[in-house]
Number of protein chains: 2
Amino acid sequence: MWFTIDFHSHVPVYEQIKNKIKEKIVKKEVNENEFIPSIRTLAKEIGVNLNTVARSYRELEQEGIIQSVRGSGYIVIGIDKDKIFDEKIEEFRKIVISAKNLKIEKRDLLKVIDEIYGGE
Amino acid sequence: MWFTIDFHSHVPVYEQIKNKIKEKIVKKEVNENEFIPSIRTLAKEIGVNLNTVARSYRELEQEGIIQSVRGSGYIVIGIDKDKIFDEKIEEFRKIVISAKNLKIEKRDLLKVIDEIYGGE
DNA sequence: TCTACTGTAATAGTATAATATTACAGTGAG
DNA sequence: CTCACTGTAATATTATACTATTACAGTAGA
């Protein structure tokens with residue numbers, strides 16, 4: 001299974017697909033000039049309609065990350081890692097602010113980070 | 001202005017309203033047995049339809065956080081701080097995992113936390 | 001050349017969120 | 001009592017996300 005979708009999330013499915021594929025590229029689980037799964041294959045695998053995957057791929061192409069090869073599939077072009085970094089950091093910043101607003105202590109956040117990254 | 005809404009967010013407006021009010025209660029900007037703004041007043045202030053605010057208040061009442069007093073408004077009952085804490089920490093955990101997946105370094109996250117909480 | 005896969009397009013239908021609008025009933029201050 | 005505020009309810013409309021389905025054209029391997 002390439003990845004899964006959270007159908008209870010407020011984030012639209014087509015956005016989740018885009019984000020997961022961006023992650024795959026950053027993590028080099030798919031490399032440049034390689035094909036990603038076909039629209040129909042991925043749609044069946046994650047249990048969504050092919051139109052939804054098609055939308056994700058179309059938008060990723062508009063962002064210059066993948067490119068369609070008609071009749072063959074979509075290949076990976078590349079990704080602006082700095083942009084991905086900035087977007088995620090900004091998302092992170094918002095939730096840290098929100099946590100502070102809720103009177104959550106700094107040490108509680110650090111504990112979570114240590115759990116995930118390791119305490120070293 | 002009590003608070004603002006991000007109309008570009010994927011999070012529904014009625015959810016954003018619920019979250020903001022929960023924050024206000026935790027931060028004691030509104031206290032127990034106090035009235036929160038009327039449906040119409042808040043709707044006008046944040047620029048949404050009164051039905052949307054009505055939905056938020058209805059759901060907050062179902063959660064036992066506020067209570068309607070017909071003809072008068074809604075008063076604050078109280079809030080389960082532990083539940084709020086757990087929910088936010090879980091949300092935080094997800095984005096930390098996502099950041100790690102994107103090869104963002106631990107120190108980059110710590111930097112953001114220090115910016116917001118102070119470096120002490 | 002077949003055939004089975006690709007992407008692409010168009011149409012229709014459903015669910016949800018949000019809006020706009022109107023209406024009605026309860027509350028409380030003057 | 002009156003009036004201006006409350007909550008509550010119902011209806012219609014729009015936009016978006018998603019599904020279902022059918023269709024057509026390009027690609028590549030047997």
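Side chains are part of it too, since the values below use all heavy atoms of this structure and drop only hydrogens, waters and symmetry mates. Computed from a predicted structure; not experimentally measured. Proteins come first, then strands; the chains are lettered A, B, ... in the order of their sequence lines, and each starts at number 1.
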Is there a side-chain contact between B/Ile17 and B/Leu42, using heavy atoms and a 4.5 Å cut-off? yes
At under 4.0 Å, does any side-chain N or O of A/Arg55 touch on OP1 or OP2 of D/dA17? yes
Under 4.0 Å from OP1 or OP2 of D/dT6: is there any side-chain N or O of B/Ser38 that close? yes
Please tell me if A/Tyr14 has a side-chain N or O lying less than 4.0 Å from either OP1 or OP2 of D/dC18. no
Regarding the side chain of A/Arg40, the nearest nucleotide among D/dG26, D/dG7, D/dA23 is D/dA23
Axial cation check for A/Trp2 ring with A/Lys20, 6.0 Å and 45° limits: no
Counting just side-chain N and O atoms, does B/Tyr57 come under 4.0 Å of either OP1 or OP2 of D/dT6? no
Establish, with yes or no, whether the OP1 or OP2 oxygen of C/dT6 is under 4.0 angstrom from a side-chain nitrogen or oxygen of A/Thr41. yes
Can you tell me the distance, in whole Å, between the CD1 atom of B/Ile17 and the C1' atom of C/dT19? 13 Å
Rounded to the nearest angstrom, tell me the gap between atom CD1 in A/Ile66 and atom C1' in C/dT6. 14 Å
Side-chain N or O of B/Ser68 closer than 4.0 Å to phosphate OP1/OP2 of D/dT6: no
Determine the contact category for A/Ile5: base if any of its heavy atoms lies under 4.0 Å from a base atom, sugar-phosphate if only primed atoms, P, OP1 or OP2 are that close, otherwise nothing. nothing
Between P on C/dG26 and CZ on B/Arg70, what's the gap in Å once rounded to a whole number? 6 Å
Should we say atom NZ of B/Lys94 is surrounded by more than 12 heavy atoms from elsewhere, each under 6.0 Å from it? no
Is A/Arg55 paired with A/Glu59 through a side-chain N to carboxylate O contact shorter than 4.0 Å? yes
When you compare the side chains of B/Gln16 and B/Asn19, does any donor N or O come within less than 3.5 Å of an acceptor on the partner? no
Length of the CD-P vector between B/Glu59 and C/dA18, whole Å: 10 Å
Whole-Å gap separating C1' (C/dT21) and CD1 (B/Ile39): 16 Å
Return no unless some side-chain N or O of A/Ser72 is found under 4.0 Å from OP1 or OP2 of D/dG26. no
Gap between atoms CZ and P, on B/Phe35 and C/dA29 respectively (whole Å): 11 Å
Identify, between A/Val69 and A/Val13, the residue whose nearest nucleotide on DNA chain D lies closer to the 5' end. A/Val13
Report the nucleotide, chosen from D/dT6, C/dT19, C/dA10, that has the shortest atom-to-atom distance to any side-chain atom of A/Asn51. C/dA10
Atom CZ of A/Arg58 and atom C1' of C/dA10 are separated, to the nearest Å, by 12 Å
Whole angstrom is fine here: how far is it from CG in A/Leu50 over to P in D/dT21? 12 Å
Side chain of A/Asn49, base of D/dA20: donor and acceptor closer than 3.5 Å? yes
